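Computed from a predicted model, the values in this text were never measured in an experiment. Every chain is numbered from 1 and lettered A, B, ... according to where its sequence line falls, protein lines coming before strand lines. Side-chain atoms are counted along with the backbone in the values below, which use heavy atoms only and exclude waters and symmetry mates.
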Amino acid sequence: METWAPMSIAESDLRVRFAPSPTGALHIGGARTALYNWLAARHSHGTLVLRIEDTDLERSTAENVDQILDALRWLGIEWDEGPVSQLEQAAGHRAALERLLESGAAYRDRSTAEDVKAWKERYGSDRGYRGPVAGDGEADGAIRLRVPDEGETVVDDLVRGEVRFPNRSFDDFVIARGDGSVLYNFAVAVDDAAMEITEVIRGDDHLSNTPKQLLVLGALGHEAPRYAHVPLLHGPDGKKLSKRHGAASVQELRERGYLPEAVRNYVALLGWGPGDDETLLDTAELVRRFRPEDVRRASAVFDEKKLRWMNGRYMREMDLSDYTTTVATFLGREADEQLRAACRIAQEKAQTLAEVWPLIRFLFEPPVEDEKAWRKVMKGDAGEALRAAGEALGELGEFDPEAVETALGPVPDRLGLKPGKVYQPIRVAITGTTVSPGIFESVAALGRAPTLQRIAAARERIASDEPGTGRS
RNA sequence: GCCGCUAUCGUCCAGGGGUCUAGGACGCCGGAUUCUCAGUCCGGAAACCGGGGUUCGAAUCCCCGUAGCGGUACCA
């Protein structure tokens with residue numbers, strides 16, 4: 001709907017990246033991080049780079065990569081560069097490693113986790129592990145970065161301000177395994193520099209990693225990007241969002257019938273507000289108003305109820321053609337005239353795409369069998385109401401909602417019954433359930449012959465049930 | 001343990017020293033829409049984590065406590 005200029009030619013120097021690790025589906029938390037990066041890029045006409053953080057060979061899979069890309073596309077988050085695999089940056093990583101080894105900023109060390117633990121027991125738990133001194137390095141083993149004991153590393157964070165970390169609290173951390181493969185905190189720093197990323201917008205869980213990356217950047221003589229650490233998303237129980245919380249992945253949201261634009265709007269508002277009391281912000285508005293420095297510092301809870309409400313708002317705003325196409329795609333059906341007519345009467349009632357079918361199903365299939373509905377409604381004067389309704393409808397020329405209303409409207413009075421005593425039996429007769437769109441619209445949409453036939457069938461069944469007692 | 005981060009209605013977002021008897025949204029409760037459900041409209045209940053400071057004055061600034069979260073891997 002909204003349009004943006006193609007980003008092939010960036011109009012500003014801002015370069016951000018979204019760097020998921022393909023160890024699972026795209027989470028709502030990850031989706032929000034992606035969205036924030038995308039909004040920041042679009043806001044200042046910069047560039048969004050997609051980088052796949054796949055240095056964990058054990059857990060990374062190609063299927064997960066595809067799934068993440070697919071989720072991003074569905075969300076409408078398009079990237080300008082990539083996806084690039086971190087694995088493919090190996091040459092650059094090796095070169096950086098060599099430089100560090102050569103300058104003495106890094107060294108090989110055969111110490112194991114147990115050795116490090118023992119070291120700390122000796123020197124204190126508030127001190128980071130320090131390996132062999134310069135010139136004393138070993139020929140093989142993991143490669144560690146030399147961290148100074150003195151001073152502190154400060155992260156100047158867009159959302160948190162200055163956060164200071166004492167250097168002595170960090171280990172001489174491992175940047176490459178014994179086999180030469182690189183580790184996250186090293187690879188990230190090298191890649192961010194190589195890709196000339198200017199602003200790193202990512203989850204809060206990386207805040208404590210940032211000083212390490214800064215140390216790597218410093219040792220390599222690279223300039224550091226700006227950082228913005230956004231809070232994590234939690235489930236209703238206050239715990240970190242996970243599959244236990246129901247719809248936790250983008251894929252699940254999609255399956256549940258949520259619209260991408262509603263998801264964007266809702267997710268953007270988790271941890272960020274436009275500054276006034278607006279809640280319904282379309283994507284263009286999001287792009288216009290989003291600034292990473294306005295993100296809140298506290299973690300937020302994902303609340304599907306609000307998403308659902310918001311989704312309903314977006315669904316009702318669509319014009320009938322868009323609505324029909326969207327519903328058709330979701331249901332895997334043809335967007336034909338019949339579906340369009342069905343959508344017309346269902347649009348203002350459904351909050352998600354998944355709620356549409358139950359409302360219009362009676363137009364495509366025989367009435368559902370719902371014993372409870374039948375027992376509740378098809379009693380007392382129901383048979384008489386159906387007889388009168390069938391009669392009124394049978395005489396009709398036109399069969400549109402207005403005509404149907406004209407025919408059916410006087411029936412309750414004529415019979416001396418409350419409207420509900422007449423309309424509910426009709427509803428159950430034609431849909432099988434007690435819930436449907438407006439009765440006049442429903443009858444008109446079904447059409448004369450099927451309606452009359454279903455009413456007749458219902459009357460027959462009532463008649464044959466009559467002698468029985470409670471059980472229908 | 002150590003190093004950090006965070007703390008306003010159930011939830012999300014405002015408010016950042018006086019205008020706060022704390023505002024908006026979702027949800028919830030009640031009413032209206034004389035066909036169900038949903039929608040829509042109207043009304044209502046609902047919060048500044050605790051304790052100390054600073055100040056004439058603190059939801060707002062500082063300290064402590066408490067709680068939650070993150071990091072502390074040859075994971076990302």
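At a threshold of 4.0 angstrom between heavy atoms, the contacts of A/Glu278 with the nucleic acid are absent. Within 4.0 Å of A/Pro274, counting heavy atoms only, lies no atom of the nucleic acid at all. Across all strands shown, A/Gly438 has heavy atoms under 4.0 Å from base atoms, whether or not it also approaches the sugar-phosphate. If you check every strand for non-hydrogen atoms under 4.0 Å, A/Phe440 touches a base. Using a 4.0 Å heavy-atom cutoff across all strands shown, A/Gly203 reaches no nucleic acid atom at all. Residue A/Ile439 is in base contact, counting any heavy-atom pair closer than 4.0 Å across all strands shown.
In this structure, CG of A/Asp277 is placed 12 Å from P of B/rC26, rounded to the nearest angstrom. Rounded to an integer number of Å, the gap from NZ of A/Lys349 to P of B/rU36 is 10 Å. To the nearest angstrom, P of B/rG39 lies 12 Å from CE of A/Met315. Atom CG of A/Leu269 and atom C1' of B/rA14 are 12 Å apart (whole Å).
Taking a pair to require two hydrogen-bonding distances under 3.5 Å in either a Watson-Crick or a G-U wobble arrangement, B/rA22 remains unpaired. Across all strands shown, B/rA32 pairs with B/rU40; the Watson-Crick or G-U wobble distances both stay below 3.5 Å. In a base pair of the Watson-Crick type (N1 to N3 plus N6-O4 or O6-N4) or a G-U wobble (N1-O2 and O6-N3), with each distance short of 3.5 Å, B/rU60 is matched with no nucleotide. The nucleotide B/rC5 finds its pairing partner in B/rG68, both defining distances of the Watson-Crick or G-U wobble pair being shorter than 3.5 Å. Across all strands shown, B/rU55 forms no Watson-Crick or G-U wobble pair with both key distances under 3.5 Å. Shown here, B/rA14 forms no base pair; nothing in the strands shown gives a Watson-Crick or G-U wobble contact with both key distances under 3.5 Å.
Taking every side-chain heavy atom of A/Arg427 into account, B/rC35 is the closest of B/rG4, B/rC35, B/rC12. Checking B/rA25, B/rU36, B/rA38 against the side-chain heavy atoms of A/Lys306 singles out B/rA25 as nearest. Between B/rA25, B/rU11, B/rG4, one nucleotide has an atom nearer to the side chain of A/Trp309 than all others, and that is B/rA25. Looking at the side chain of A/Pro419, the nearest of the listed nucleotides B/rC35, B/rC37, B/rU8 is B/rC35.
Within the structure, a side-chain polar atom (N or O) of A/Arg316 is placed less than 4.0 Å from OP1 or OP2 of B/rU40. Side-chain N/O atoms of A/Arg313 include none lying less than 4.0 angstrom from OP1 or OP2 on B/rA25. For the OP1/OP2 pair of B/rC13 and a distance below 4.0 Å, the side-chain nitrogens and oxygens of A/Arg296 include at least one atom meeting the criterion.
When each of A/Gln424 and A/Tyr266 is assigned the nucleotide of RNA chain B bearing its nearest heavy atom, the one mapping closer to the 5' terminus is A/Tyr266. Ranked by how close their nearest RNA chain B nucleotide is to the 5' end, A/Gly273 and A/Glu441 are led by A/Gly273.
Rounded to the nearest Å, the gap between the C1' atom of B/rG15 and that of B/rC9 is 14 Å. Separation of the C1' atoms belonging to B/rC13 and B/rA58 is 22 Å when rounded to the nearest angstrom. A gap of 28 Å separates the C1' atoms of B/rU11 and B/rG51, to the nearest Å. B/rG71 sits 13 Å from B/rC75 when the C1' atoms are compared, rounded to a whole Å. Here the separation of B/rG23 from B/rC63, taken at their C1' atoms, is 30 Å to the nearest Å. As rounded to the nearest Å, B/rU60 and B/rU19 have C1' atoms that lie 14 Å from one another. Distance check on atom P: B/rU6 versus B/rA14 gives 15 Å, rounded to whole Å. Using atom P as the reference point in both B/rA22 and B/rC41, the two lie 25 Å apart (nearest Å).
Shown here for A/Pro437 and A/Ser442, the closest heavy-atom pair between the two residues is O-OG, 3.1 Å. The nearest pair of heavy atoms linking A/Leu215 to A/Phe170 is CD2-CD1, 4.5 Å. A/Ala373 and A/Thr433 make their closest contact through CB-CA, 4.1 Å (heavy atoms, listed as atom of the first residue, atom of the second, distance).
Crowding of A/Glu365 atom CD: a count of heavy atoms from other residues, nucleotides or ligands under 6.0 Å exceeding 12.
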Starting at the 5' end of nucleotides 69-76 of chain B, put B wherever the base has a protein heavy atom under 4.0 Å, S where only the sugar-phosphate does, and a dash everywhere else.
SBSSSBBB
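Of the N and O atoms on the side chains of A/Ser249 and A/Glu252, at least one donor lies less than 3.5 Å from an acceptor on the other residue. For the 3.5 Å distance criterion, the side chains of A/Tyr314 and A/Asn265 qualify, holding a donor opposite an acceptor.
A/Arg32 places a side-chain N or O within donor-acceptor distance of the main-chain N or O of A/Leu270, the cut-off being under 3.5 Å.
In this structure, A/Arg291 forms no cation-pi arrangement with A/Trp272, as its terminal cationic atom is not both closer than 6.0 Å to the ring centre and no more than 45° off the ring axis.
Residues A/Tyr129 and A/Tyr123 keep their aromatic ring centres 6.0 Å or farther apart. Between A/Tyr423 and A/Phe440, a ring centre-to-centre spacing shorter than 6.0 Å is recorded.
The base of B/rC5 does not come close enough to the side chain of A/Arg297 for any donor and acceptor atom to sit less than 3.5 Å apart. In this model, no side-chain donor or acceptor of A/Lys305 finds a partner on the base of B/rC26 within 3.5 Å.
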